Number of protein chains: 2
Amino acid sequence: MIACYIGLVPDTPGNAVPAVVDNRADTAPTLRPHRESKKHLQREAAISTALELARREGTAGLTMRRLGDELDLDPTTLYRLFRDKDDLLLAVCDREIAITVDELGTVSSDEPWQDVLRRIAERAWEGVSRNPTVIALTFARTTGGPGERRMVELILSTFARAGLSRAQTVVYYRAFADAVLALRGQNAVLATLDPEVQEKDATAWSRIYAQLGADEYPAARAHIAELVDVKDQTIYFAIVEAIISAAERAGATADQG
Amino acid sequence: MIACYIGLVPDTPGNAVPAVVDNRADTAPTLRPHRESKKHLQREAAISTALELARREGTAGLTMRRLGDELDLDPTTLYRLFRDKDDLLLAVCDREIAITVDELGTVSSDEPWQDVLRRIAERAWEGVSRNPTVIALTFARTTGGPGERRMVELILSTFARAGLSRAQTVVYYRAFADAVLALRGQNAVLATLDPEVQEKDATAWSRIYAQLGADEYPAARAHIAELVDVKDQTIYFAIVEAIISAAERAGATADQG
DNA sequence: TGTCGTTGTCAACAGCGTTGACAACGTTGA
DNA sequence: TCAACGTTGTCAACGCTGTTGACAACGACA
């Protein structure tokens with residue numbers, strides 16, 4: 001796991017499915033084996049450095065030139081490892097997902113499926129809190145890489161234990177995954193903006209809504225104290241629980257019918 | 001409503017709360033009345049044009065230079081109307097929200113609160129489908145403008161009819177609003193990328209996951225047909241229903257207790 | 001040893017948001 | 001009526017971005 005993180009191990013070598021993240025493989029099909037391996041190592045090293053750079057400098061700091069400086073490489077050399085910046089970002093994102101899966105450790109089938117989903121949601125919360133940059137850039141995307149594939153398999157197999165039909169299983173899997181990704185992406189995008197902007201956003205309720213006329217905005221005025229106090233984390237886990245609960249009930253009715 | 005849309009009516013003139021979207025007002029406090037008015041009209045016109053430009057050209061097409069061309073204005077002149085591009089985007093986003101609220105029409109208190117929320121979710125779905133650009137750029141932000149204030153008041157007052165405590169009301173209001181915004185933002189960000197990338201994303205399941213080994217990814221293989229078929233819209237409304245349902249049950253237990 | 005694919009370096013392009021200077025305009029006050 | 005001054009529009013420019021193409025040096029294979 002650690003080796004994968006610092007980028008020394010080519011993930012799942014010999015896998016039947018080529019890493020789709022590596023789109024450059026298409027353009028250079030006659031690459032010699034050990035050259036291919038060297039290129040792979042360079043790619044992995046670049047991904048690790050990009051991850052660290054993103055964590056340190058934020059969205060705006062992750063540019064091809066900065067990454068080149070960090071690697072003592074000419075920025076244009078990176079274009080021999082990645083098709084374009086998008087390709088790089090997806091690879092970095094997939095690495096981040098793989099780390100999150102690793103942190104979950106082993107998942108026993110004895111553990112209630114609801115608790116597994118709660119643990120996944122918690123790891124996703126913490127992972128994004130630790131490094132919002134990458135997820136902010138790619139939360140709407142499919143990496144198709146090994147990290148994502150492992151995460152999909154884990155969540156899907158967990159929902160498969162909820163007693164749902166196959167179609168329902170997929171709906172709730174996607175509901176869970178999309179909600180977690182979208183909500184954490186939302187927070188991440190905000191977290192990667194200027195601190196000044198974040199401050200403006202965080203204090204919006206007290207600045208604006210506390211001053212609204214009670215005649216025109218009665219509900220907002222009546223709930224102003226709670227609106228100011230409520231935390232993003234509370235909202236996030238409330239939504240997660242709502243989805244788990246919906247899957248529970250769908251599974252229960254399916255059992256009865 | 002139409003007048004507001006095409007930018008002829010300064011929204012809620014004489015409101016006690018100054019439009020926070022207009023941050024430039026701070027920098028020029030001694031502006032003469034009719035000049036202020038003229039500036040306001042120019043702002044509104046620019047917002048309308050930006051909205052149309054975004055709809056036509058997408059995220060990448062909405063640049064200060066392009067907007068200047070469209071308005072027959074020097075691009076730098078826009079910086080006399082908006083503090084920076086962020087200020088412009090928030091203003092455009094708030095206009096978009098106002099349009100969505102307008103489309104909802106009047107909301108009677110006879111209408112079940114659940115149905116009101118469903119209608120709001122539907123309008124949000126359609127509005128973003130029509131013009132994903134703006135929401136893609138600002139879905140993680142608070143505009144603080146009049147459009148947003150009206151939307152907040154509407155959703156909040158709807159949840160206030162669910163029989164929840166004040167704290168619970170706010171939690172479910174935020175859960176609903178954040179989920180709708182985050183999920184539609186997720187779809188919108190994807191919709192504003194290159195068509196080629198979208199295609200890659202849409203076909204990811206059939207391209208990648210259909211080829212996975214059943215030994216390594218049994219759950220993915222078992223559900224591949226359903227994974228390929230399921231629609232974003234189904235997921236979106238499943239999450240909305242899960243939240244409504246959670247609020248319903250929270251309200252019911254609060255009534256009994 | 002010669003050949004050819006690969007790698008690293010350099011300059012450059014087109015575009016972006018944004019700033020500052022400067023001239024033209026139009027309202028305001030004497 | 002005229003001068004003064006704040007406002008507006010225009011221009012050039014800065015620093016930055018992702019990205020491309022050309023060119024020389026390197027290194028493994030025949």
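Chain identifiers are assigned alphabetically (A, B, ...) following the order of the sequence lines, protein sequences preceding nucleic acid strands; residue numbering begins at 1 within each chain. Predicted model, so just to flag it, every value in this text is computed and none were measured.
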Undergrad: Kindly write out the residues that satisfy side chain to side chain contact (heavy atoms under 4.5 Å, CB included) with Thr203(A), not counting sequence neighbours, or none if the list is empty.
TA: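 For Thr203(A) the side chain to side chain contact (heavy atoms under 4.5 Å, CB included) partners, ignoring immediate neighbours, are Glu199(A), Ser206(A), Arg207(A).
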
Undergrad: Measure from CG on Asp69(B) to P on dG17(C) and round the result to the nearest Å.
TA: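 Between P of dG17(C) and CG of Asp69(B): 12 Å.
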
Undergrad: Ignoring backbone atoms, establish whether Gln42(B) has a side-chain N or O less than 4.0 Å from OP1 or OP2 of dT7(D).
TA: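 Answer is no, no contact under 4.0 Å.
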
Undergrad: Which parts of nucleotides 15-24 of chain D does protein reach within less than 4.0 Å, heavy atoms only, written one letter per nucleotide 5' to 3' as B for base, S for sugar-phosphate only and - for none?
TA: --BBBB-B--

Undergrad: Of all residues at least two apart in sequence or in a different chain, which pass the ring pair (Phe, Tyr, Trp, His ring centres under 6.0 Å) check with Phe139(B)?
TA: Phe139(A)

Undergrad: Rounding to a whole Å, what distance do you find between Asp72(B):CG and dT8(D):P?
TA: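 For the pair Asp72(B) CG and dT8(D) P, the rounded distance is 18 Å.
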
Undergrad: Whole angstrom is fine here: how far is it from CG in Leu67(B) over to C1' in dG15(C)?
TA: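 Interatomic distance, CG of Leu67(B) to C1' of dG15(C): 16 Å.
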
Undergrad: Please report, rounded to the nearest Å, how far the P atom of dG26(C) is from the NZ atom of Lys39(B).
TA: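 Between P of dG26(C) and NZ of Lys39(B): 17 Å.
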
Undergrad: If I take atom CG in residue Leu73(A) and atom C1' in nucleotide dC10(C), what distance separates them, rounded to the nearest angstrom?
TA: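 Checked: the CG to C1' distance equals 14 Å.
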
Undergrad: Measure the distance from CG on Leu41(A) to C1' on dT7(C) and round it to the nearest whole Å.
TA: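 Rounding to the nearest Å, CG of Leu41(A) and C1' of dT7(C) are 16 Å apart.
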
Undergrad: Please identify each residue that fulfils salt bridge (charged side-chain N to carboxylate O under 4.0 Å, His left out) with Asp74(A), with sequence neighbours left out.
TA: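 If we apply the salt bridge (charged side-chain N to carboxylate O under 4.0 Å, His left out) test to Asp74(A), skipping adjacent residues, there are no hits.
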
Undergrad: Output a table of donor-acceptor pairs, distance under 3.5 Å, between side-chain atoms of residues 188-197 of chain B and any protein atom two or more places apart or on a different chain; print 'none' if there are none.
TA:
from, atom 1, to, atom 2, distance (Å)
Thr192(B), OG1, Thr59(B), OG1, 3.4
Thr192(B), OG1, Ala188(B), O, 3.2
Thr192(B), OG1, Val189(B), O, 2.8

Undergrad: Asp74(A) has an atom CG; how far is it from atom P of dA25(D), in whole Å?
TA: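 Checked: the CG to P distance equals 16 Å.
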
Undergrad: Give the table of side-chain donor-acceptor pairs shorter than 3.5 Å for residues 61-69 of chain A, with sequence neighbours excluded, one pair per line with atom names and distance.
TA:
from, atom 1, to, atom 2, distance (Å)
Thr63(A), OG1, Arg66(A), N, 3.1
Arg66(A), NH2, Glu57(A), OE2, 3.4

Undergrad: Between Trp125(B) and Tyr236(B), how do the two ring planes meet: parallel, tilted or perpendicular, split at 30° and 60°?
TA: tilted

